[in-house]
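Just so it is clear: chains get the letters A, B, ... in the order the sequence lines come, proteins before strands, and each one is counted from 1. Side chains are part of it too, since the values below use all heavy atoms of this structure and drop only hydrogens, waters and symmetry mates. Values in this document were obtained by computation on a predicted structure and should not be read as measured data.
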2 protein chains.
Amino acid sequence: MSRKRFDDLDCSLACALNEVGDWWSLLLIKQAMLGTRRFVDFQRNLGIAKNILVDRLCRLVESGVLARVDAGEHGTRYEYRLTEKGRDLFTVVIALRQWNLRWNGNRDGMRLLDKSSGEPISEVAVQNSEGEPLTIKDVLFVDENGQPLEQAG
Amino acid sequence: MSRKRFDDLDCSLACALNEVGDWWSLLLIKQAMLGTRRFVDFQRNLGIAKNILVDRLCRLVESGVLARVDAGEHGTRYEYRLTEKGRDLFTVVIALRQWNLRWNGNRDGMRLLDKSSGEPISEVAVQNSEGEPLTIKDVLFVDENGQPLEQAG
DNA sequence: ACAAAAGAGTTGCAATACGAAACCAGATAT
DNA sequence: ATATCTGGTTTCGTATTGCAACTCTTTTGT
């Protein structure tokens with residue numbers, strides 16, 4: 001039976017996962033962020049099967065994360081480029097990456113630097129309006145009326 | 001053939017996705033962050049099939065994101081609680097959620113407030129050491145020797 | 001005390017998704 | 001003209017998913 005979809009779950013996280021929550025999508029996006037644009041290069045860099053790659057690229061184009069642009073004059077070369085929506089996943093990709101670095105150590109040797117200062121970027125964190133980091137214990141989940149969310153279970 | 005695993009990909013993102021990159025894991029974690037602890041409650045709140053739920057909970061316990069603790073004195077009731085590692089996924093969950101809010105609008109009416117000030121939390125972002133937000137264009141990817149990463153394609 | 005329900009899983013089955021490799025058509029290179 | 005590259009599509013066998021039914025132990029209701 002088909003994978004369960006989350007559109008109807010009325011949950012922002014679920015909707016996000018519907019668009020980029022499968023095994024390959026975020027890797028494709030990260031690869032695109034590193035500069036990969038061509039079908040064959042995605043394939044070579046990630047070792048993904050072609051049929052799956054076609055499917056994922058189409059999905060991501062449909063949801064507006066990637067744009068398929070004609071590259072080359074004869075209509076058989078294309079580039080898949082990140083849109084603004086796709087580039088905006090930067091935070092998510094980096095947050096996941098940093099989480100893995102913290103808990104599982106560094107697998108790739110890659111580091112990220114602030115281009116203008118040359119210094120490492122800082123750790124992504126949830127912050128209050130003053131820029132102080134917040135853990136889950138510091139936040140309150142409320143509904144649209146400002147009522148604290150009581151957990152059904 | 002089995003789903004392709006990313007352990008060998010030498011990529012932190014890939015490793016992270018190996019642990020929490022499937023359709024259900026992050027939803028389970030978010031639900032746990034909202035306070036759900038019991039098997040039946042995960043099932044009811046998410047509508048996940050029991051066999052899949054068993055599988056996912058086991059995986060997450062194995063990778064140290066959840067801990068299975070005996071609740072009830074007779075050894076047949078359990079609670080699945082976030083570990084420190086699991087709680088540390090807060091940033092990732094919120095980043096994904098905010099991304100979806102920005103691009104697809106608000107589906108649930110939920111809002112997050114700083115418990116101590118009552119104000120909304122700010123948007124998660126990649127920042128430099130001064131706390132200024134960085135987009136992907138502001139950062140440089142370098143290898144362990146500090147050499148800029150040239151993209152193979 | 002006894003029956004009924006809940007909690008935490010298992011098991012079996014059908015539908016689907018995935019991965020590998022073969023195949024294909026238009027453009028390019030030799 | 002022949003071979004190769006690109007961006008796919010097709011086929012086929014395996015893996016994963018979802019659903020429903022079933023278990024076994026503990027709790028709850030009367």
Using a cutoff of under 3.5 Å, can you pull out all pairs of nitrogen or oxygen atoms linking the protein to nucleotides 4-8 of chain C, with atom names and distances?
{"from": "dG7(C)", "atom 1": "O4'", "to": "Arg77(B)", "atom 2": "NE", "distance (Å)": "3.4"}
{"from": "dG7(C)", "atom 1": "O4'", "to": "Arg77(B)", "atom 2": "NH2", "distance (Å)": "3.4"}
{"from": "dA8(C)", "atom 1": "OP1", "to": "Arg38(B)", "atom 2": "NE", "distance (Å)": "3.2"}
{"from": "dA8(C)", "atom 1": "OP1", "to": "Tyr78(B)", "atom 2": "N", "distance (Å)": "3.2"}
{"from": "dA8(C)", "atom 1": "OP1", "to": "Tyr78(B)", "atom 2": "O", "distance (Å)": "3.3"}
{"from": "dA8(C)", "atom 1": "OP2", "to": "Phe39(B)", "atom 2": "N", "distance (Å)": "3.4"}
{"from": "dA8(C)", "atom 1": "OP2", "to": "Val40(B)", "atom 2": "N", "distance (Å)": "3.3"}

Test: Arg68(B) cationic atom under 6.0 Å from Tyr78(B) six-membered ring centre, within 45° of axis: yes
Any residue meeting side chain to side chain contact (heavy atoms under 4.5 Å, CB included) with Ser117(A), in chain and number order, not counting sequence neighbours: Asp114(A), Glu119(A)
By side chain to side chain contact (heavy atoms under 4.5 Å, CB included) - contacts of Val139(B) (at least two apart): Phe90(A), Leu112(A), Ile121(A), Leu134(B), Phe141(B)
Give the rounded distance in Å between these two atoms: [atom1] of [X] and [atom2] of [N].
{"X": "Trp23(A)", "N": "dT16(D)", "atom1": "CH2", "atom2": "P", "value": "10 Å"}
{"X": "Phe42(A)", "N": "dG8(D)", "atom1": "CZ", "atom2": "C1'", "value": "15 Å"}
{"X": "Asn51(B)", "N": "dA14(C)", "atom1": "CG", "atom2": "P", "value": "16 Å"}
{"X": "Asp70(A)", "N": "dG7(D)", "atom1": "CG", "atom2": "C1'", "value": "12 Å"}
{"X": "Asp22(A)", "N": "dA15(D)", "atom1": "CG", "atom2": "P", "value": "20 Å"}

Members of residues 52-67 of chain A that approach DNA chain C, where some heavy atom sits under 4.0 Å away: Ile52(A), Arg56(A)
Phosphate-side-chain proximity, Trp24(B) and dG18(D), N/O vs OP1/OP2 below 4.0 Å: yes
Residue pairs involving residues 131-140 of chain B (criterion salt bridge (Lys or Arg N to Asp or Glu O under 4.0 Å); sequence neighbours excluded): none
Test side chain to side chain donor-acceptor pair (under 3.5 Å) applied to Thr83(B) - qualifying residues, sequence neighbours left out: none
All salt bridge (Lys or Arg N to Asp or Glu O under 4.0 Å) counterparts of Arg77(B), not counting sequence neighbours: none
Residues in salt bridge (Lys or Arg N to Asp or Glu O under 4.0 Å) contact with Lys85(B), at least two apart in sequence or another chain: Glu19(B)
With a cut-off of 3.5 Å and sequence neighbours excluded, list every side-chain donor-acceptor pair involving residues 58-66 of chain B.
{"from": "Arg59(B)", "atom 1": "NE", "to": "Asp55(B)", "atom 2": "OD2", "distance (Å)": "3.2"}
{"from": "Ser63(B)", "atom 1": "OG", "to": "Arg59(B)", "atom 2": "O", "distance (Å)": "3.2"}
{"from": "Ser63(B)", "atom 1": "OG", "to": "Leu60(B)", "atom 2": "O", "distance (Å)": "3.4"}

